[in-house]
Undergrad: 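Supplied in structure tokens, the structure appears directly below.
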Amino acid sequence: MTTRRIAVVTAGLSNPSSTRLLADRLAEAVRAQLAEREIEVGVDVIELREHAHAITDNLLTGFARPELAEAIETVTSADALIAVTPIFTTSYSGLFKSFVDILDPDSLRGMPVLLAATGGSPRHSLALEYAMRPLFTYLHANPVSTSVFAASEDWAGGEGASSLRSRTERAAGELADAVARRGATVAEDPFDPATYLGEGRSFESLLGGLTAD
């Protein structure tokens, strides 16, 4: 069975949080969809609240603490990303944006992304389209068409919960299709000469091209 790895970034501030709950539901839905395609999935969850101080330090100094550096590597080396943030003042949270700001601008290029958010009112759902989607498009990631917003009423059962389940399944199916089409991500070895000399080249070939005067 083919194996893929999905990173889940959740920017909820409370514990427990509806943001983490939505992230877990989305991850499980994507896992189930990929299992139907005979693709096994490993899921790594990054709780940004656990790295809040390290993220601020990185913004100020330009250096990441080891645990933050590991979280960044987990995200940028994944085969796909599920990004979930609470909506504050009509946009993504400051913590979420700060984490995105410390990523290399090209590190998410071509990566399939499922966008999701939580908020108190359904009217904040538009933030997914006018704030989050442009952000990841700017980073050259590939957000799937369906985004998922969960308002407070969607957790109460009834019609709202049914609609949330429907959106979750549709978005999960789109991400699973994108992951299956893309193939597995192969991490580059920074110590492999091919990384900086070019495929098939070595230090010997580089030196061999130099001639004495």
Side-chain angles (χ1 to χ4, degrees), residues 1-12 15-51 70-86 92 96 99-100 103 107-118 125 128-129 132-133 135-137 139-151 154-189:
M1 179 178 282
T2 307
T3 302
R4 299 286 190 274
R5 193 170 56 79
I6 294 177
V8 181
V9 171
T10 171
N15 186 22
S17 73
S18 59
T19 303
R20 174 60 189 267
L21 178 59
L22 179 59
D24 288 343
R25 287 193 180 186
L26 290 168
E28 187 54 41
V30 172
R31 192 200 302 271
Q33 291 275 0
L34 284 170
E36 293 178 1
R37 295 160 175 77
E38 297 187 346
I39 297 176
E40 186 177 347
V41 181
V43 176
D44 298 304
V45 179
I46 308 298
E47 283 269 16
L48 294 186
R49 64 189 298 274
E50 298 176 355
H51 301 283
E70 182 179 351
I72 292 171
E73 174 64 19
T74 295
V75 171
T76 58
S77 64
D79 296 295
L81 172 65
I82 298 174
V84 193
T85 178
Y92 37 66
F96 181 83
F99 178 73
V100 173
L103 300 178
S107 61
L108 301 182
R109 184 179 291 271
M111 183 179 293
V113 181
L114 194 166
L115 305 176
T118 58
S125 62
L128 281 163
E129 302 306 319
M132 285 190 74
R133 191 173 297 277
L135 174 64
F136 282 92
T137 300
L139 295 171
H140 304 290
N142 289 326
V144 298
S145 299
T146 301
S147 54
V148 180
F149 182 84
D154 293 329
W155 305 109
E159 185 176 341
S162 177
S163 176
L164 178 59
R165 283 194 299 271
S166 176
R167 297 193 303 274
T168 296
E169 290 300 321
R170 184 166 64 250
E174 291 173 4
L175 189 67
D177 286 341
V179 170
R181 287 195 303 268
R182 189 181 187 219
T185 299
V186 178
E188 288 188 344
D189 179 359

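Predicted model, so just to flag it, every value in this text is computed and none were measured. Heavy-atom basis, side chains included; hydrogens, waters and symmetry copies ignored.
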Undergrad: Can you confirm whether L135 sits close enough to F96 that some side-chain heavy atom of one is under 4.5 Å from a side-chain heavy atom of the other?
TA: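 Answer yes - side chains close enough.
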Undergrad: Go through the steps to decide whether R31 and E28 satisfy the test salt bridge (Lys or Arg N to Asp or Glu O under 4.0 Å), and finish with yes or no.
TA: CA-CA 5 Å; R31 192 200 302 271; E28 187 54 41; 3.4 Å; yes
Undergrad: Which value, rounded to the nearest 0.5 Å, describes the distance between R170 atom CZ and L175 atom CG?
TA: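 R170 atom CZ to L175 atom CG measures 14.0 Å (nearest 0.5 Å).
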Undergrad: Strictly distance-based, threshold 3.5 Å: is any side-chain N or O of R167 a donor or acceptor partner for the main-chain N or O of T146?
TA: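 Checked: no pair found.
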Undergrad: Show the nearest heavy-atom pair for residues A27 and V43, with the distance to one decimal.
TA: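 For A27 and V43, the tightest heavy-atom pair comes out as CB-CG1, 4.1 Å.
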Undergrad: Quick check: do R37 and V179 have side-chain heavy atoms less than 4.5 Å from each other?
TA: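 A side-chain contact is absent here, since even the closest heavy-atom pair is not under 4.5 Å.
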Undergrad: What's the separation between atom CD1 in I82 and atom CD1 in I46, rounded to the nearest 0.5 Å?
TA: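 Nearest 0.5 Å value for the CD1-CD1 distance: 12.5 Å.
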Undergrad: Is there side-chain contact between L108 and V75, with at least one heavy-atom pair below 4.5 Å?
TA: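 In short, these two side chains touch, coming nearer than 4.5 Å.
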Undergrad: Atom CZ of R49 and atom CG of N15: how far apart are they, to the nearest 0.5 Å?
TA: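 One finds 4.5 Å between CZ of R49 and CG of N15.
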Undergrad: How about L139 and V113: do any of their side-chain heavy atoms sit closer than 4.5 Å?
TA: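 In short, these two side chains do not touch, never coming nearer than 4.5 Å.
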Undergrad: Report yes or no: does D177 contribute a side-chain atom to a donor-acceptor pair with the main-chain N or O of E174 at less than 3.5 Å?
TA: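 Judged by distance alone, no pair lies under 3.5 Å.
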Undergrad: Just by distance, do the side chain of T168 and the backbone of L164 share a donor-acceptor pair under 3.5 Å?
TA: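 Between the backbone of L164 and the side chain of T168 there is a qualifying donor-acceptor contact (under 3.5 Å).
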Undergrad: Pair Y92, V100 - check side-chain contact (heavy atoms from CB on, under 4.5 Å), show working.
TA: CA-CA 11 Å; Y92 37 66; V100 173; over 6 Å; no
Undergrad: Over all heavy atoms of both residues, which pair between F136 and P143 is shortest? Give the atoms and the distance, please.
TA: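 Residues F136 and P143, closest heavy atoms: CB-CG, 3.9 Å.
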Undergrad: Look only at the side chain of R5 and the backbone of T74, and say whether a donor-acceptor pair between them is shorter than 3.5 Å.
TA: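 Yes: the side chain of R5 pairs with the backbone of T74.
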Undergrad: Test R182 against D79 for salt bridge (Lys or Arg N to Asp or Glu O under 4.0 Å), laying out the working first.
TA: CA-CA 8 Å; R182 189 181 187 219; D79 296 295; 5.3 Å; no
Undergrad: Please check if any side-chain donor atom of T10 sits under 3.5 Å from a side-chain acceptor atom of T19, or the reverse.
TA: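 Looking only at side-chain atoms, T19 and T10 do not form any donor-acceptor pair under 3.5 Å.
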Undergrad: What are the two closest heavy atoms between H51 and A71, and how far apart are they?
TA: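 So the two residues come closest at NE2-CB, 4.1 Å.
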Undergrad: Quick check: are there more than 12 heavy atoms from other residues, nucleotides or ligands sitting under 6.0 Å from CD of E129?
TA: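 Atom CD in E129 is packed in, count exceeds 12.
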Undergrad: Distance-only, no hydrogens or angles: does the R133 side chain make a donor-acceptor pair with backbone N or O of S145 under 3.5 Å?
TA: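 Yes.
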